[in-house]
Amino acid sequence: DMPLIKYLFKSIDGFIVMSNKVEEELLKINKEPIYEKIFHPVADKIQKWSKSDAREQLKIRKKNIILFYGFIRKYKGLETLISSNEFLAKKIEDYQIIICGESYENKSKYMKLIKKYSMKKDDIIWVDKYLSEETSALYFAASDLVALPYKSASQSGVIPTSYSYERPVVASNILGIKEMIQDGKTGFLFEKNNSLDLSNKIINFFHKNEDLSLNILEFRKQFSWDYFIDKIINLYGRL
């Protein structure tokens with residue numbers, strides 16, 4: 001598609017990119033573009049649930065909840081999170097990894113991994129179906145930490161959604177993702193494909209038991225709709 005993209009870009013006055021990765025891609029095609037880099041906005045009208053009420057609705061009985069949310073695709077690196085359970089089980093008690101999302105791959109591949117790396121009863125569960133906005137809200141509210149073990153990404157809608165619910169994230173240290181996280185403040189970055197490093201970040205989070213909500217509230221100002229609109233208006237004024 002590159003010839004078509006280059007042809008199209010000749011008629012474009014300004015660009016909006018949502019991550020460092022897409023910015024790099026733009027600069028490879030257009031050496032001097034007029035553009036703004038803006039993070040994907042955080043939803044400001046969400047259904048609020050307390051953690052305890054959400055867990056009651058979903059019948060979650062575990063104390064520490066790690067959430068993976070979204071369609072299952074190869075680039076999302078779910079196998080890294082599943083295999084990290086081998087290490088988590090030795091260091092954390094009363095926890096659960098909840099995978100929420102339909103699989104766009106061979107499901108049996110992941111079921112085999114879950115069987116292999118499940119160390120305790122129900123320490124990994126998979127909600128393999130489409131989730132409504134209301135049900136999705138329950139799972140985010142019920143979680144303690146949201147995991148994004150992605151192998152590659154242009155940007156993520158899961159991170160701002162997590163921030164909407166004031167939930168920290170643990171994610172791969174890759175372009176398109178890492179610029180959306182303040183390491184140690186709004187979440188944690190780990191080495192891509194490294195299940196041991198991922199498990200260590202999760203274990204430290206639960207052992208320290210830090211409340212990162214104030215950091216998230218401050219950082220997510222960059223994800224507000226007002227900020228997003230102001231940046232677009234600023235771009236328009238530069239054309």
Would you kindly confirm whether Tyr236 and Ile12 end up in one hydrophobic cluster when ILVMFWY residues are joined by side chain heavy atoms under 4.5 Å apart?
no

Nearest heavy-atom approach of Val158 to Ser156 is N-OG, 3.0 Å

For Met180 and Phe223, which heavy atoms make the closest approach, and how far apart are they?
CE-CE2, 3.7 Å

Count the heavy atoms of every other residue, nucleotide or ligand shown that sit under 6.0 Å from NZ of Lys116, and state whether that count exceeds 12.
no

Pairs involving residues 63-72, ordered by first then second residue, that meet side chain to side chain donor-acceptor pair (under 3.5 Å) (sequence neighbours left out)
Tyr69-Ser136

Distance (rounded to the nearest 0.5 Å) between Ile34 CD1 and Leu239 CG:
5.5 Å

Rounded distance [0.5 Å steps], CD in Gln182 versus CD in Glu218:
8.5 Å

Shortest non-hydrogen contact from Ile72 toward Trp126
CG1-CZ2, 3.8 Å

Answer yes if Phe68 and Leu196 sit in the same cluster of Ile, Leu, Val, Met, Phe, Trp and Tyr residues linked by side chain heavy atoms under 4.5 Å apart, and no otherwise.
no

Rounding to 0.5 Å, atoms CD1 (Ile16) and NZ (Lys37) come to a distance of 14.0 Å

Just how far is it from atom CD1 of Ile60 to atom CD1 of Ile65, taken to the nearest 0.5 Å?
5.0 Å

Just by modelled atom types, is the Phe190 backbone N or O under 3.5 Å from a matching donor or acceptor in the Asp197 side chain?
no

Evaluate the criterion side-chain contact (heavy atoms from CB on, under 4.5 Å) for residue pair Val169 and Tyr163; output intermediate values, then yes/no.
CA-CA 8 Å; Val169 300; Tyr163 290 166; 4.3 Å; yes

Are Arg55 and Asp144 close enough for a salt bridge, meaning some N to O gap below 4.0 Å?
yes

Ile216 and Pro168, any side-chain heavy atoms less than 4.5 Å apart
yes

The reported gap from CG in Leu148 to NZ in Lys178 (rounded to nearest 0.5 angstrom) is 15.5 Å

Is the number of heavy atoms from other residues, nucleotides or ligands under 6.0 Å of Lys120 NZ greater than 12?
yes

Looking only at heavy atoms, the pair that brings Phe205 and Glu210 closest together is CE1-O, 4.0 Å

Can you check whether Lys74's main-chain N or O pairs, donor with acceptor, with Glu105's side chain at less than 3.5 Å?
yes

Which pair of non-hydrogen atoms, one from Leu198 and one from Thr80, has the smallest distance, and what is that distance?
CD2-O, 4.0 Å

Step by step, would you call Glu79 with Lys151 a side-chain contact (heavy atoms from CB on, under 4.5 Å)?
CA-CA 11 Å; Glu79 65 273 17; Lys151 298 178 180 180; 2.6 Å; yes

Any donor-acceptor N/O pair, Arg220 side chain to Ser164 backbone, under 3.5 Å:
yes

Answer yes or no: are there more than 12 heavy-atom neighbours, outside Lys192 itself, under 6.0 Å from its atom NZ?
no

Take atom NZ in Lys185; do more than 12 heavy atoms of anything else shown fall under 6.0 Å from it?
no

Only counting residues at least two apart or in another chain, list the ones meeting side chain to side chain donor-acceptor pair (under 3.5 Å) with Glu36.
Asn234, Arg238

Same cluster or not: are Ile203 and Val170 linked, directly or through other Ile, Leu, Val, Met, Phe, Trp or Tyr residues, by side-chain heavy atoms under 4.5 angstrom apart?
yes

Side-chain heavy atoms of Phe228 within contact of Met18, under 4.5 Å
yes

Grouping I, L, V, M, F, W and Y whenever their side-chain heavy atoms are under 4.5 Å apart, do Leu175 and Phe15 come out in a common cluster?
no

Please evaluate residues Ile98 and Ser143 with respect to the criterion side-chain contact (heavy atoms from CB on, under 4.5 Å), reporting the C-alpha separation (whole Å), side-chain torsions for both, the decisive distance (0.1 Å), and the verdict.
CA-CA 9 Å; Ile98 301 179; Ser143 68; over 6 Å; no

Can you confirm whether Glu102 is buried at CD, in the sense that more than 12 heavy atoms of other residues, nucleotides or ligands lie under 6.0 Å from that atom?
yes

When you compare the side chain of Tyr139 with that of Val127, does any pair of heavy atoms fall below 4.5 Å?
yes

If we ignore hydrogens and angles and just use 3.5 Å, is the side chain of Arg167 paired with the main-chain N or O of Thr161 as donor and acceptor?
no

Answer yes if Leu217 and Ile159 sit in the same cluster of Ile, Leu, Val, Met, Phe, Trp and Tyr residues linked by side chain heavy atoms under 4.5 Å apart, and no otherwise.
no

Does any N or O in the side chain of Glu179 come within less than 3.5 Å of the main-chain N or O of Asn20, such that one atom is a donor and the other an acceptor?
yes

If you count every heavy atom of other residues, nucleotides or ligands that lies below 6.0 Å from Lys48 atom NZ, does the total exceed 12?
yes

Below 4.5 Å, heavy atoms only, C-beta onward: do Ile124 and Ile99 meet side chain to side chain?
yes

Separation between NZ (Lys6) and CG (Asn30), nearest 0.5 Å, reads 11.0 Å

Shortest non-hydrogen contact between Asp128 and Gly101, atoms and distance
OD1-O, 3.5 Å

Which side-chain N or O atoms in residues 84-92 pair as donor and acceptor under 3.5 Å with protein atoms at least two apart or in another chain?
unit_1: Ser84; atom_1: OG; unit_2: Leu81; atom_2: O; d: 2.5
unit_1: Asn85; atom_1: OD1; unit_2: Tyr95; atom_2: OH; d: 2.5
unit_1: Asn85; atom_1: ND2; unit_2: Tyr117; atom_2: O; d: 2.7
unit_1: Asn85; atom_1: ND2; unit_2: Asp123; atom_2: OD2; d: 3.0

Give the intermediate values and the outcome of side-chain contact (heavy atoms from CB on, under 4.5 Å) for residues Lys51 and Glu56.
CA-CA 9 Å; Lys51 186 181 292 184; Glu56 188 64 33; over 6 Å; no

Please tell me whether Asn106 and Ser108 have a donor and an acceptor in their side chains that are separated by less than 3.5 angstrom.
yes

